[in-house]
Protein chains: 2
Amino acid sequence: MTTVDASPLGRKLRAFVALSDVEFAVLSRLHQRRRSFAAGHALLHQGHSQRSAYILASGWACSYKTLPTGTRQIVDFQIPGDILGLRSVLLQASDHFIEALTDIEVSEVLPSELFEAFRETPRLAAAVLWAASRDEAVVVEHMIDIGRRSAEERVAHFLLEMGFRLSLVGLADKTGYPCPLSQFHLADALGLSAVHVNRVLRKLREDGLVTFRRGNVHFDDPGGLIAFADFDTAYLDQERPLLQ
Amino acid sequence: MTTVDASPLGRKLRAFVALSDVEFAVLSRLHQRRRSFAAGHALLHQGHSQRSAYILASGWACSYKTLPTGTRQIVDFQIPGDILGLRSVLLQASDHFIEALTDIEVSEVLPSELFEAFRETPRLAAAVLWAASRDEAVVVEHMIDIGRRSAEERVAHFLLEMGFRLSLVGLADKTGYPCPLSQFHLADALGLSAVHVNRVLRKLREDGLVTFRRGNVHFDDPGGLIAFADFDTAYLDQERPLLQ
DNA sequence: CGTTAGTTTGATGGTCCTCAAGCACTGTGG
DNA sequence: CCACAGTGCTTGAGGACCATCAAACTAACG
């Protein structure tokens, strides 16, 4: 059972359902096939039909789509405890790319194993559906960022969101977190140009709100930043299990 | 069984799993509690904890979030066959609003019924997860629209997407479809101002690509529009059931 | 026939993009 | 030990795209 206890995914799912011993065991089995990938490795190609999903154990990844013009849109970043490629198991073909941003460790899950696990323990299916819903909520908030917030609010909101998500798996505290993203990554995620991201980061730093530098995010004025970005954790919240 | 056969949701889910008689019966049961709402009725309030999900039988709805500045971002439009408020059943509280755009008919589904259905027929859970994944793919494409496409491409892409989705439930053909949206709706969905939407629609009409007027979308040059918008149906596709 | 919601068009300006060039840091090979 | 390249960061100048403000117009409806 320690395997699951130690896994970020187990921790996440337990926030939604109180998992029984049997369900724990089934979840453990999904963690069997451990693999490592180097930074830059593509786990999933747009347009290919896909065999596996992955549970991210350590490192950062990102999912993105590309346009014929060569620009790309990063849809979301994945951190430990997140499931990679769930959608591409269920849909016919992958409609996006997934790439390791750092060296990562994952558990590979075959579609058959996933469906078999659902068949055995429907509550686990509900829990995975919950996790997928939460991911969608993140994507939606991301869309609000791009559609209706100014560049400055957008960057502030995004840095806070990643901080909150990382803190749920013990990878951030209130002062900040290590962050492997370049300004180009931020630009591609937030629908901005890298040049403008740079200017915005400078502004936020000069205003004493947040410092993004040398692979680290430091919240200089957490309260001020939260107020400025209108950051509300409701869409990320998980206070107590919903299903007993 | 005719109930399910006739329901747009049944049609949608059968594209993913070949449903057995038992699964059909469970799905029928979810359609029992039929209700009607008038245009403008709010089915779901941001911040409230939610009791029910709804399966949309007829009419249009939309989900959106609001910002303190008073602006709003429409996340997606729902058409017959779509599930409303699934996320708010699973997450603690609703993080968005859902509103009827036209008079609508829905089947109300209580969370307990949904979980019970999952327990009885895990394949139905997988099918619902598939439907949720597809909805997320739509939201993601929507994000690409806002983040990386010009206003003109964005409007063109959106009109094509709705056409394709509607055609899957028999509410559109290649020449166009009836559409209850105002230019304000388009603006709120696409991250534009209503004034600019108007100018873009005029341009698309003058270029002979598509006409949006008096509650109707008419594709004047479907091929040209698809090319212009770089529209690829991959993310919406459902050619054959994945699970036999 | 007044009211209201939605559409259309014009004028002005701000946000953010693009292009361009210089800087800082890191690792590599001569 | 020092070019040198590569990657990412920084700053400037000019301009495009789209927002905002404002006002007239149309259609529907009581």
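The chains referred to below are lettered A, B, ... by the order of the sequence lines, with proteins before strands, and numbering in each begins at 1. All values reported here derive from a predicted model rather than from experimental measurement.
Residue B:Ser193 is classed as a base contact, given a heavy-atom separation below 4.0 Å to a base. As judged by a 4.0 angstrom heavy-atom cut-off over every strand, B:Gly191 is placed among residues touching the sugar-phosphate backbone only. Within 4.0 Å (heavy atoms only), A:Leu192 reaches sugar-phosphate atoms of the nucleic acid but no base atom.
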Could you go through the salt bridge (charged side-chain N to carboxylate O under 4.0 Å, His left out) check for A:Arg72 and A:Asp188 one step at a time? CA-CA 6 Å; A:Arg72 72 168 180 174; A:Asp188 283 345; 2.8 Å; yes
Salt bridge (charged side-chain N to carboxylate O under 4.0 Å, His left out) assessment of B:Arg149 paired with B:Glu141: CA-CA 11 Å; B:Arg149 284 191 242 262; B:Glu141 197 64 25; 2.6 Å; yes
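One atom, CZ of A:Arg213, and another, C1' of D:dG8, lie 14 Å apart when rounded to the nearest Å. Here C:dC16 presents its P atom at 6 Å from CZ of A:Arg154, a figure rounded to the nearest Å. Regarding A:Glu153, its CD atom lies at a distance of 9 Å from the P atom of C:dC16, rounded to whole Å. Rounded to a whole Å, the CZ atom of B:Arg149 is 18 Å from the P atom of D:dC17. Atom CZ of B:Phe184 and atom C1' of C:dT8 are 11 Å apart (whole Å). The distance between atom CG of B:Leu186 and atom P of C:dG6, rounded to the nearest whole Å, is 12 Å. A straight line from CG of A:Leu201 to C1' of C:dC16 spans 15 Å, rounded to a whole angstrom. Between the P atom of D:dC18 and the CG atom of B:Leu190 lies a distance of 12 Å, rounded to the nearest Å.
Nearest to the side-chain atoms of A:Arg202 among the listed nucleotides D:dT10, C:dG6, D:dT11 stands D:dT11. In the set C:dC16, D:dA19, C:dG6, D:dA19 carries the atom at the smallest distance from any side-chain atom of B:His196.
Residue order along DNA chain D, read from the 5' end via each residue's closest nucleotide, puts A:Ala194 first among A:Ala194 and A:Arg148. In terms of position on DNA chain C, the residue among A:Val195 and A:Ser150 whose nearest nucleotide sits closer to the 5' end is A:Ser150.
Put simply, A:Arg199 has no side-chain N or O that comes within less than 4.0 Å of OP1 or OP2 on C:dC16. Residue A:Asn198 places at least one side-chain N or O under 4.0 Å from the OP1 or OP2 atom of D:dT10. For the pair B:Gln183 and C:dT8, the criterion of a side-chain N or O lying under 4.0 Å from OP1 or OP2 is met.
You'll find the ring centres of B:Tyr177 and B:Phe164 outside the 6.0 Å limit.
Checked by atom type, the side-chain pair B:Ser63/B:Asp76 shows no donor-acceptor distance below 3.5 Å. Side-chain contact of B:Tyr64 with B:Glu99: a donor-acceptor pair under 3.5 Å is present, judged by distance alone. For the residue pair A:Ser193 and A:His196, no side-chain donor N or O sits within less than 3.5 Å of a side-chain acceptor on the partner. A:Glu108 and A:Ser52 are linked by a side-chain donor-acceptor pair at a separation below 3.5 angstrom, with hydrogens and angles left out of the test.
In this structure, the helix from C:dC1-D:dG30 to C:dG30-D:dC1 shows an angle of 30° between the axis at its start and the axis at its end, each fitted on 5 base pairs and rounded to 10°.
In this structure, A:His142 and A:Ile146 have side chains that are in contact, with non-hydrogen atoms separated by less than 4.5 Å.
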